[in-house]
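Note that ligands are numbered from 1 as they come in the structure, with each ligand's atoms numbered from 1 the same way.
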Amino acid sequence: MKLLGDWLRSNSRKSGSRIILAADVGGPLESRLDAATSLVSAVRERIVAVKVNWHLLLPYGVLGLRKLIERCNDAGLPLIADMKLNDIGATNVEAAETLFSNGFDALIANPFVGYKEGIEDLLAKSRVMHKGVILLVYMSHAGAREGYGLKVGGEPLYLGFARKTRSWGADGAVVSSKSLAIIREVRSVLRKEQLILSPGVGFQGGDARNAIAAGSDYLIVGRSVVESKDPLKAVEALNRELGNSGPSPAVRERRSSL
Ligand code: C5P
């Protein structure tokens with residue numbers, strides 16, 4: 001039983017990487033599972049984790065994804081379900097139980113649903129099962145500011161979500177790699193062991209080095225790798241780019257307290 005943060009850190013040391021592969025494989029539905037499984041096999045030694053989204057979860061479901069799940073489990077890569085879960089506690093718990101008892105190690109949830117009878121039950125379930133919950137704090141698309149950036153009580157919603165991530169004790173937060181000031185702000189709110197995972201590098205315009213320098217721990221990368229002719233090369237190029245950027249604040253503080 002490993003805590004998500006410890007597991008990612010240990011994988012990062014082994015692989016020299018900070019990349020979480022978003023296995024967002026497109027194309028005909030029936031060929032996606034094989035394509036995603038081969039993709040994971042190709043890059044498994046140079047990434048820290050795998051995230052799946054609706055591209056795979058919808059056509060295959062948890063049982064249909066068994067091959068991919070086993071490939072990730074065998075490779076020692078945490079598997080994250082990007083459901084942006086946003087429902088009442090009982091439904092959240094049902095989803096978590098299905099994912100966590102079938103080889104998933106963490107899920108992404110939306111703090112918007114609130115704590116009582118929402119995220120509280122989900123966090124309780126994930127703790128019992130020793131699994132991870134990451135909360136959406138700031139998304140990476142252009143419209144993010146209309147929701148996550150909305151001013152409520154004089155401050156942006158994402159700041160409130162960052163505080164909730166801290167006080168609720170989630171494993172970490174998703175913050176867009178394109179919003180460097182927001183990464184810094186969220187970093188200053190979170191506990192040192194809480195992770196920042198940042199999507200949006202490459203295709204959505206985010207810069208890997210800048211995101212890490214601002215305080216992200218890991219980058220979630222999809223299309224720049226998935227749609228590359230040589231996914232391993234694409235991952236290695238990103239790893240190289242980050243090679244000299246040094247540990248992020250969270251990692252640095254954790255190390256010094258060891
Ligand atoms: O292809 P690309 O690298 O842009 O993929 C980013 C992945 O991260 C997608 O699966 C997307 O749904 C997800 N994501 C995101 N922004 C968030 C949370 C998740 O782009 N805030």
Side-chain angles (χ1 to χ4, degrees), residues 8 17-27 32 35-36 39-40 43 47-60 65 68 72 78-86 104 106-113 132-150 156-159 161-162 164-165 170-183 185-187 190 195-212 214-229 231 234-235 237-239 241-242:
L8 292 173
S17 176
R18 288 168 181 271
I19 306 300
I20 297 174
L21 173 69
D24 295 343
V25 172
R32 289 184 186 186
L39 175 64
V40 168
V43 300
I47 58 173
V48 297
V50 176
K51 177 182 89 69
V52 294
N53 205 326
W54 301 117
H55 309 66
L56 295 168
L57 283 169
L58 198 58
Y60 292 96
L65 284 175
L68 175 69
C72 294
L79 183 56
I80 304 168
D82 188 358
M83 330 221 12
K84 303 183 176 69
L85 200 57
N86 191 22
F104 280 83
L107 61 75
I108 297 176
N110 199 330
F112 194 82
V113 71
V133 172
I134 305 289
L135 298 177
L136 270 182
V137 167
Y138 198 82
M139 290 195 58
S140 51
H141 61 301
R145 69 175 72 90
E146 294 171 40
Y148 294 86
L150 213 61
L157 207 49
Y158 68 77
L159 204 50
F161 286 165
K164 288 179 198 304
T165 302
D171 296 80
V174 176
V175 182
S176 163
S177 63
K178 296 179 343 190
S179 310
L180 301 178
I182 297 179
I183 295 176
E185 237 177 321
V186 173
R187 184 74 270 161
L190 296 187
L195 306 166
I196 295 182
L197 312 186
S198 292
V201 166
F203 245 84
Q204 297 184 57
D207 177 83
R209 283 178 67 94
N210 289 344
I212 295 290
S216 294
D217 293 288
Y218 300 101
L219 305 175
I220 296 172
V221 184
R223 288 165 289 179
S224 309
V225 171
V226 177
E227 295 180 10
S228 156
K229 283 207 179 76
V235 165
L238 276 167
N239 287 343
E241 193 182 329
L242 291 172

Could you tell me, atom by atom, which parts of ligand 1 come under 4.0 Å of a heavy atom of Asp24? 5 (O), 7 (C), 9 (C), 10 (O)
Near Ile220 (heavy-atom distance under 4.0 Å), the atoms of ligand 1 are 8 (O)
Could you tell me whether the side chain of [X] and the main chain of [Y] form a donor-acceptor pair under 3.5 Å?
X      : Y      : value
Arg32  : His55  : yes
Arg18  : Asp217 : yes
Ser198 : Val175 : yes
Asp171 : Val133 : yes
Lys178 : Gln204 : yes

Taking N or O atoms only and a 3.5 Å limit, does [X] qualify as a polar contact for ligand 1?
X      : value
Pro199 : no
Ser224 : no
Ser140 : yes

Is the count of non-hydrogen atoms from other residues, nucleotides or ligands lying under 6.0 Å from Phe112 atom CZ greater than 12? no
Going by heavy atoms in the side chains, are Tyr138 and Val186 under 4.5 Å from each other?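 No - every pair of side-chain heavy atoms lies 4.5 Å or more apart.
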For ligand 1, the portion of Val174 having any non-hydrogen atom under 4.0 Å away: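 Contact part for Val174 vs ligand 1: side chain (C-beta onward).
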Heavy-atom pairs closer than 4.0 Å: do any link ligand 1 to the side chain of Ile108, the backbone, both, or neither?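 The answer is neither.
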Which heavy atom in Gly147 sits nearest to a heavy atom in Leu157, and how many Å separate them? O-CD2, 3.4 Å
Given Lys51, Gln204, Met139, Glu227, which has its nearest heavy atom closest to atom 4 (O) of ligand 1? Gln204
To which of Lys84, His141, Arg223 does the heavy atom nearest atom 18 (C) of ligand 1 belong?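 When every heavy atom of Lys84, His141, Arg223 is considered, Lys84 comes closest to atom 18 (C) of ligand 1.
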Considering only protein heavy atoms, which is closest to atom 3 (O) of ligand 1, and at what distance to one decimal place?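 The closest one turns out to be Gly222 N, 2.7 Å.
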Nearest non-hydrogen protein atom, atom 11 (C) of ligand 1: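 Ranking protein heavy atoms by distance from atom 11 (C) of ligand 1, first comes Asn53 ND2, 3.9 Å.
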